[in-house]
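The figures that follow rest on heavy atoms only: side chains count, while hydrogens, waters and symmetry mates do not.
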Amino acid sequence: GIPEVIEDGETGLLCDPRQPRSLRRVIERLAKDEVERKQLGDNGRNFVAESFSWERMYDRYEAYLSEVVE
């Protein structure tokens, strides 16, 4: 589910999970850049709040159930 929630460079930063050096570079990048860190955090929080609110999830679930029942 991570790639469905994180848009690289917009709502977070992705790295290869099999490459520890890649993770280290991302952590170092964010540790050094407060502006980027705040922007990614704000964007990520807003995306999750809009996309996964109870109302939005209820609507998706209801639409899915309607398809299954029909």
Notebook entry, point to check: Looking just at side-chain N and O atoms, do Q39 and N43 make a donor-acceptor pair shorter than 3.5 Å?
Noted result: yes
Next item on the list: Check side-chain contact (heavy atoms from CB on, under 4.5 Å) between R45 and all other residues, then give those that pass, not counting sequence neighbours.
Entry: D42
Next item on the list: Enter the distance from L14:CG to L23:CG here, rounded to the nearest 0.5 Å.
Entry: 11.5 Å
Next item on the list: State whether the number of non-hydrogen atoms from other residues, nucleotides or ligands found under 6.0 Å of L65 atom CG is greater than 12.
Entry: yes
Listed pairs under 3.5 Å, donor-acceptor, residues 25-35 side chains, sequence neighbours left out:
from, atom 1, to, atom 2, distance (Å)
R29, NE, E36, OE1, 3.0
R29, NE, E36, OE2, 3.2
R29, NH2, E36, OE2, 2.5
D33, OD1, V35, N, 3.2
D33, OD1, E36, N, 3.0

Checklist line | Row check, Y61 ring normal vs R56 NZ/CZ: under 6.0 Å, within 45° | finding: no
Check: Heavy-atom distance under 4.5 Å between the side chains of F52 and V5, does that happen here?
Finding: yes
Checklist line | Atom pair CE/OG of M57 and S51 - distance to nearest 0.5 Å | finding: 9.5 Å
Notebook entry, point to check: Any side-chain heavy atom of Y64 within less than 4.5 Å of one from R60?
Noted result: no
Notebook entry, point to check: Can you tell me how far the CD1 atom of I2 sits from the CG atom of D8, to the nearest 0.5 Å?
Noted result: 12.0 Å
Check: What's the spacing between T11 OG1 and I6 CD1 if we round to 0.5 Å?
Finding: 4.5 Å
Margin query: Within this structure, what is the CD-CZ distance for the pair E7 and F47, rounded to the nearest 0.5 Å?
Written below: 8.0 Å
